[in-house]
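Before any comments, here is the structure.
It should be emphasised that the depicted structure is a prediction, and the values quoted were computed from it without experimental measurement.
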Amino acid sequence: MSAPITKPTVTEREARQVAEAAREQDWRKPSFAKELFLGRFRLDLIHPHPLPADEDMQRGEEFLAKLRDFCETRIDSARIEREARIPDEVIDGLKELGALGMKIDTKYGGLGLTQVYYNKALALVGSACPAVGVLLSAHQSIGVPQPLKLFGTQEQKDAFLPRCARTDISAFLLTEPDVGSDPARLATTAVPDGDDYVLDGVKLWTTNGVVADLLVVMARVPKSDGHKGGITAFIVETNSPGITVENRNCFMGLRGIENGVTRFHQVRVPAANRVGPEGAGLKIALTTLNTGRLSLPASCVAAGKWALKIAREWSAAREQWGKPIAQHEAVGSKISFIAATTFALEAVSELSCQMADENRNDIRIEGALAKLFASEMGWLMADELVQIRGGRGFETAESLAARGERAVPAEQILRDLRINRIFEGSTEIMHLLIAREAVDAHLSVAGDLIDPEKSLSDKAKAGANAGVFYAKWLPKLVAGPGQLPSSYGRFKYGVDLAPHLRYVERHARKLARSTFYAMSRWQGRMETKQVFLGRIVDIGAELFAMSAACVRAELLRGQGDHGREAYRLADAFCRQSRIRVDELFGRLWSNTDDNDRKIVKGVLGGDYEWLERGIVDPSGEGPWIADATPGPSTRENVHRPIR
């Protein structure tokens, strides 16, 4: 039987230890981004640009053709936005098309698409309706198929993957009402009972949870005789007794997604449905997200392409002061930003996905950078589109159509994209996650020096190791190919991209020096400098995107596929990116961080409550965080399986 749930109380240090234990500790394969943060510009790891096999390309293109026809004839985005629901017949059609099994191996009834073509498919569907793209992504990128592919037994794969490929929708359940990016406080429990586990708890923001047939649930197994315990992953049938979907959540965007609150009360799950050993759940979740995050840039690339199309058409048709608004510099600069950034986002996405398919490199940082950069830049592009459209950008598509104009859902895409900066790791969490990986080499040799719990002998040993490492590493940051005018000379085709690659090489070394200086200056306090670390990561993201853009331009030139135009777009992006990088470097050491902390302390202490006077707060009554006390549900079950 289940034990009563008590919310775990953990210190900040204990929470970090849980996250650290779930991290993949070793680097068995090379990583372009890891080397970049260490000041080593390993262009050889991404150039020549990797390409899919002919067979994979043919299979992918054939499916994209069918999917495009489906999107154009069967998906009514306006209806989904209006009714806040994806019609059952659309989901049934996706099942018939095989779209639920895009990433599942053909031997289990899936389509066996590569990550590259999976992302192309998500971009295509997401352009037709972002909510449909989210349904497919949540099912395959983080739902049952991905963790089973990586960690499942053969019996589990045989039992569940054929269902996921054709009929069953899946969801991933980690977040709780009081647990977000801090899984050490996970409260849902799975208590061993014979050949079963008994689940109790509440999960929040369960994308696909309202319509799901299968769930991946993260729950805490209490430590006991014969049980290691810890956060553990389970495959759970949604029709099991004791499961109640208590609410279908509504959001500012993605109105069609089936996101809910799911309660477990005395839910029996066979031990055979446990994925991996006890205590491995968080590692499974994080590993799943490493690749799962690659799906998110697909929606941002699609949004950029659409924003560019609308900006081009509208800015040519709309005239002000005697000429099309595109010819006014204030608008033209926005169009240039959208075009160049869309090219770069597609370059980052395709490069990262192809690297994932080849499996020659460790892409945990690349995948995280792709998610971070795409979500931030995608939002900016959508915002610029709304600005270019002016009042029409703020007006809904339905209202535009009602008064006889083209129904352009610019405000909707802005709302739909906003969540990308939050889910699958908020921008702030991504900064910390990437920063931890970026300084891994430093912590490996000098971590004990800044650990207050280590003994003097441990610190002395760490000091000796650090001395050896830095004696070899630091001199290499002084000079490099970026200072030679002839370096990367082959990247020239009408436009010369070599100066941009030399810039990346020089500034990768500068980034590494800045990180080393910060660690020397702050030592154990480095982890508290979250804004500084965020800037370090943002610089790395820009350098990665510049590299990807140049490599993609050279690929397209070699293929004879708009090479000259691609070079111009890559040049435009790199010029824009370099301005952002220079600003970020300046803000590493010239900023308001210290003063901001003082203001925050005053705000929380009530010093500025007087500033809040003169308003009416329209918020309703109720707790900030809903009660998640375990027990039977008192709510109607709104679970809606689609059969």
Side-chain angles (χ1 to χ4, degrees), residues 123 127 299-348 373-374 376-418 491-497 499-500 503 542 545-546 548-550 552-553 556-557 561-583:
S127 66
S299 64
C300 299
V301 170
K305 288 175 178 285
W306 181 78
L308 181 61
K309 178 180 185 295
I310 298 301
R312 173 179 58 82
E313 296 175 351
W314 164 250
S315 299
R318 173 67 163 168
E319 291 189 2
Q320 290 283 277
W321 296 299
K323 58 183 177 181
I325 61 172
Q327 295 179 22
H328 291 285
E329 197 172 79
V331 174
S333 64
K334 298 180 186 301
I335 297 173
S336 174
F337 168 74
I338 293 172
T341 304
T342 297
F343 178 81
L345 288 193
E346 187 167 43
V348 166
F373 192 69
E376 290 294 320
M377 302 307 278
W379 163 258
L380 288 176
M381 287 191 294
D383 188 57
E384 292 288 40
L385 175 64
V386 168
Q387 192 70 18
I388 291 171
R389 287 277 289 162
R392 291 171 173 84
F394 193 67
E395 191 172 1
T396 67
E398 187 175 29
S399 176
L400 288 165
R403 60 182 185 79
E405 292 194 0
R406 185 174 300 186
V408 178
E411 60 83 30
Q412 180 189 336
I413 201 69
L414 189 67
R415 291 185 287 105
D416 287 345
L417 282 174
R418 185 59 182 84
F491 284 83
K492 187 174 183 178
Y493 187 57
V495 174
D496 192 357
L497 298 181
H500 300 311
Y503 177 93
E542 294 280 2
M546 290 172 65
C550 291
R552 180 168 179 78
L556 296 179
R557 181 203 66 77
D561 188 9
H562 303 291
R564 197 171 298 278
E565 295 85 359
Y567 257 69
R568 285 200 293 266
L569 287 170
D571 177 59
F573 173 77
C574 288
R575 290 175 184 273
Q576 296 168 12
S577 179
R578 286 171 66 163
I579 293 173
R580 295 190 292 266
V581 169
D582 290 343
E583 180 184 354

key: Shortest non-hydrogen contact from L345 toward G378   = CD1-N, 4.3 Å
task = Write down the atom of F343, the atom of A570, and the distance for their closest heavy-atom approach.
result = CE2-CB, 3.8 Å
message = Give me the atom names and distance for the closest heavy-atom approach of I335 to S315.
response = CD1-OG, 3.5 Å
message = A quick test of your reading: do over 12 heavy atoms of other residues, nucleotides or ligands sit less than 6.0 Å from CD of E398?
response = no
request  = For S577 and F573, indicate whether the former's side chain and the latter's backbone hold a donor-acceptor pair under 3.5 Å.
outcome  = no
request  = Please confirm whether R389 makes a cation-pi placement over F394, using NZ or CZ under 6.0 Å from the six-membered ring centre and within 45° of the ring normal.
outcome  = no
inquiry  = Counting only heavy atoms from other residues, nucleotides and ligands, does the tally under 6.0 Å from NE2 of H328 exceed 12?
reply    = yes
inquiry  = Working to the nearest 0.5 angstrom, can you tell me the gap between R552 CZ and E346 CD?
reply    = 4.5 Å
inquiry  = If you define the side chain from C-beta out and look only at heavy atoms, does anything of V331 sit under 4.5 Å from W314?
reply    = no
message = With rounding to the nearest 0.5 angstrom, report the OG to CD distance, S399 to E405.
response = 9.5 Å
query = Should the heavy atoms of other residues, nucleotides or ligands under 6.0 Å from CD of Q576 be counted, would the total exceed 12?
reply = yes
message = Whether the side chain of T341 engages the backbone of I338 through a donor-acceptor N/O pair (distance < 3.5 Å, no angle test) should be reported.
response = no
remark   = Distance col, row I413:CD1 vs L385:CG, nearest 0.5 angstrom, shows 9.0 Å
task = Could you tell me the separation between the CE atom of M546 and the CG atom of L497, rounded to the nearest 0.5 Å?
result = 9.5 Å
request  = Heavy atoms only: give me the nearest P324-A316 pair and the separation to one decimal.
outcome  = CB-O, 3.8 Å
ask   = Going by an N to O cut-off under 4.0 Å, is there a salt bridge joining R575 and D571?
value = yes
query = Of all heavy-atom pairs between L556 and A566, which one has the smallest distance, and what is that distance?
reply = CD1-CB, 3.7 Å
task = Please check if atom CZ in R406 has more than 12 non-hydrogen atoms from other residues, nucleotides or ligands closer than 6.0 Å.
result = no
ask   = Does the side chain of R415 come within less than 4.5 Å of R418's, by heavy atoms?
value = no
key: Test item: E411 and T396 side chains (from C-beta on) under 4.5 Å apart, heavy atoms   = yes
ask   = Looking at C300 and A374, what are the two nearest heavy atoms and their distance?
value = SG-O, 3.3 Å
inquiry  = Could you check whether any side-chain N or O of T342 sits under 3.5 Å from a backbone N or O of G304, counting only pairs where one atom can act as donor and the other as acceptor?
reply    = yes
message = Working to the nearest 0.5 angstrom, can you tell me the gap between R564 CZ and R568 CZ?
response = 7.5 Å
message = Distance check, rounded to the nearest 0.5 Å: M381 atom CE versus M377 atom CE?
response = 7.5 Å
